[in-house]
Amino acid sequence: MRTVSIPAGWPATEEQARAVQDELRTEVVLDEPGPPPGTGHVTGVDVAYDDERDVVAAAAVVLDAATLEVVAEATAIGRISFPYVPGLLAFREIPTVMAALDALPCPPGLVVCDGYGLAHPRRFGLASHLGVLTGLPTIGVAKNPFTFTYDDPHTPRGSASPLLAGTEEVGRALRTRESVKPVFVSVGHRVTLDNACAHTLALTPQYRLPETTRRSDSLCRTALKEATEALRPR
DNA sequence: GCGACAG
DNA sequence: ATCTTGTCGC
């Protein structure tokens, strides 16, 4: 497992962070379809926190997109680089997530983030940010609608409805399990919304959440426990 | 001004 | 995100 420090020049205030978003948002690529679902690698990234001890653990789990079997895993430990502020989540997660991605022994392929991409107050959420910094194709799959509105998709798995900021479609509420609350998919970088939804469905043969986020979620939690118990006085 | 608000 | 037991259901 790898250890990272907060990058030099990392924003210290909300104002600086928003300025970075406004700068980087111009780099997002939205006109590439992205990798075809069911082929190559798909990587989930997630983080867990211990605010008390100022520790953050990130995990990256690479799956074979066809079989959903784990191909590779990596973790990283860092300090909390930003407080949680809605709309500025990326500044809290990205340094450690990028370290985990760097530690992988193989190319990540498509990266699936826990959160949003385009569906963001300034249209530059975590998935967009990570995509621009790494150049990788990224999508965001969130568990909550944030500030956006949507009509409940029809009951069958695969049904979807627009996720709306006013009248602008910034993502999609996608039903991954019949009669179960939808997930909220948005585009990050170099992937189309239709393709992002197709990937999400390919990653949810059984559960509401993508296998990528389920796997990375459990891995970063155990990584956090191990890191945190190593610091515990005995 | 107040409330809501990804993880 | 995190704090947290049992419990209802497939």
Side-chain angles (χ1 to χ4, degrees), chain A residues 11 14 17-18 20-21 25 28 44-61 75-98 100 111-132 138-150 155 157 163-166 168-174 176-189 193 196 200 204-210 212-225 227-229:
Chain A
E14 298 184 21
R18 285 188 206 98
V20 170
Q21 291 181 330
R25 61 188 289 188
V28 174
V45 293
D46 195 15
V47 303
Y49 305 97
D50 186 332
D51 287 272
E52 201 67 14
R53 295 191 173 79
D54 186 26
V55 176
V56 49
V61 179
T75 59
I77 297 293
R79 317 295 293 278
I80 295 178
S81 52
F82 210 82
Y84 173 64
V85 179
L88 300 179
L89 178 64
F91 296 94
R92 190 168 165 78
E93 311 207 333
I94 276 190
T96 320
V97 164
M98 286 186 66
V111 177
V112 181
C113 297
D114 215 350
Y116 283 119
L118 234 205
H120 177 273
R122 284 167 296 283
R123 304 296 178 265
F124 194 72
L126 170 63
S128 321
H129 202 145
L130 185 65
V132 166
T138 60
I139 67 173
V141 180
K143 309 176 207 59
N144 299 294
F146 201 9
T147 62
F148 305 104
T149 61
Y150 67 101
T155 311
R157 162 178 155 84
L163 186 65
L164 299 172
E168 178 186 0
E169 182 180 40
V170 294
R172 213 162 273 165
L174 178 65
T176 55
R177 286 201 66 184
E178 181 175 328
S179 300
V180 172
K181 175 179 177 174
V183 298
F184 303 90
V185 179
S186 61
V187 154
H189 186 57
L193 183 55
T200 302
T204 51
Q206 189 171 6
Y207 299 101
R208 174 170 91 112
L209 297 179
T212 39
T213 88
R214 287 167 41 76
R215 293 283 197 4
S216 56
D217 179 79
S218 85
L219 181 57
C220 71
R221 287 191 202 216
T222 64
L224 179 65
K225 280 190 180 180
T228 231
E229 280 171 28

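First the proteins, then the strands, lettered A, B, ... as listed; each starts at 1. Side-chain atoms are counted along with the backbone in the values below, which use heavy atoms only and exclude waters and symmetry mates.
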Check: Closest to the Leu224(A) side chain: dG7(B), dT2(C), dA6(B)?
Finding: dT2(C)

[atom1] of [X] versus [atom2] of [N]: gap in Å, rounded?
{"X": "Asp114(A)", "N": "dA1(C)", "atom1": "CG", "atom2": "C1'", "answer": "10 Å"}
{"X": "Glu178(A)", "N": "dG9(C)", "atom1": "CD", "atom2": "C1'", "answer": "16 Å"}
{"X": "Arg122(A)", "N": "dA6(B)", "atom1": "CZ", "atom2": "P", "answer": "14 Å"}
{"X": "Lys225(A)", "N": "dA1(C)", "atom1": "NZ", "atom2": "C1'", "answer": "15 Å"}
{"X": "Asp50(A)", "N": "dT2(C)", "atom1": "CG", "atom2": "C1'", "answer": "10 Å"}
{"X": "Asp46(A)", "N": "dA6(B)", "atom1": "CG", "atom2": "C1'", "answer": "12 Å"}
{"X": "Arg221(A)", "N": "dC3(C)", "atom1": "CZ", "atom2": "P", "answer": "9 Å"}
{"X": "Phe146(A)", "N": "dA1(C)", "atom1": "CZ", "atom2": "P", "answer": "15 Å"}

Phosphate OP1/OP2 of [N]: any [X] side-chain N/O under 4.0 Å:
{"X": "Arg92(A)", "N": "dA6(B)", "answer": "no"}
{"X": "Asn144(A)", "N": "dG7(B)", "answer": "yes"}
{"X": "Lys143(A)", "N": "dG7(B)", "answer": "yes"}
{"X": "Tyr84(A)", "N": "dA6(B)", "answer": "yes"}

Check: Side chain of Arg208(A), backbone of Pro182(A): donor and acceptor closer than 3.5 Å?
Finding: yes

Check: So, does Thr138(A) use its side chain to make a donor-acceptor pair with the main chain of Ala127(A) at under 3.5 Å?
Finding: yes

Next item on the list: Walk me through it: do Tyr150(A) and Phe184(A) pass the test ring pair (Phe, Tyr, Trp, His ring centres under 6.0 Å)?
Entry: CA-CA 10 Å; Tyr150(A) 67 101; Phe184(A) 303 90; 5.0 Å; yes

Checklist line | NZ/NE/NH1/NH2 to OD/OE distance under 4.0 Å, Asp114(A) and Lys143(A) | finding: yes

Heavy atoms only, 4.0 Å cut-off, all strands: where does [X] land among base, sugar-phosphate and nothing?
{"X": "Gly87(A)", "answer": "base"}
{"X": "Tyr49(A)", "answer": "sugar-phosphate"}
{"X": "Ala48(A)", "answer": "sugar-phosphate"}
{"X": "Leu88(A)", "answer": "base"}

Next item on the list: Look at the rings of Tyr116(A) and Phe146(A) and say which category their plane angle falls in: under 30° parallel, 30 to 60° tilted, over 60° perpendicular.
Entry: parallel

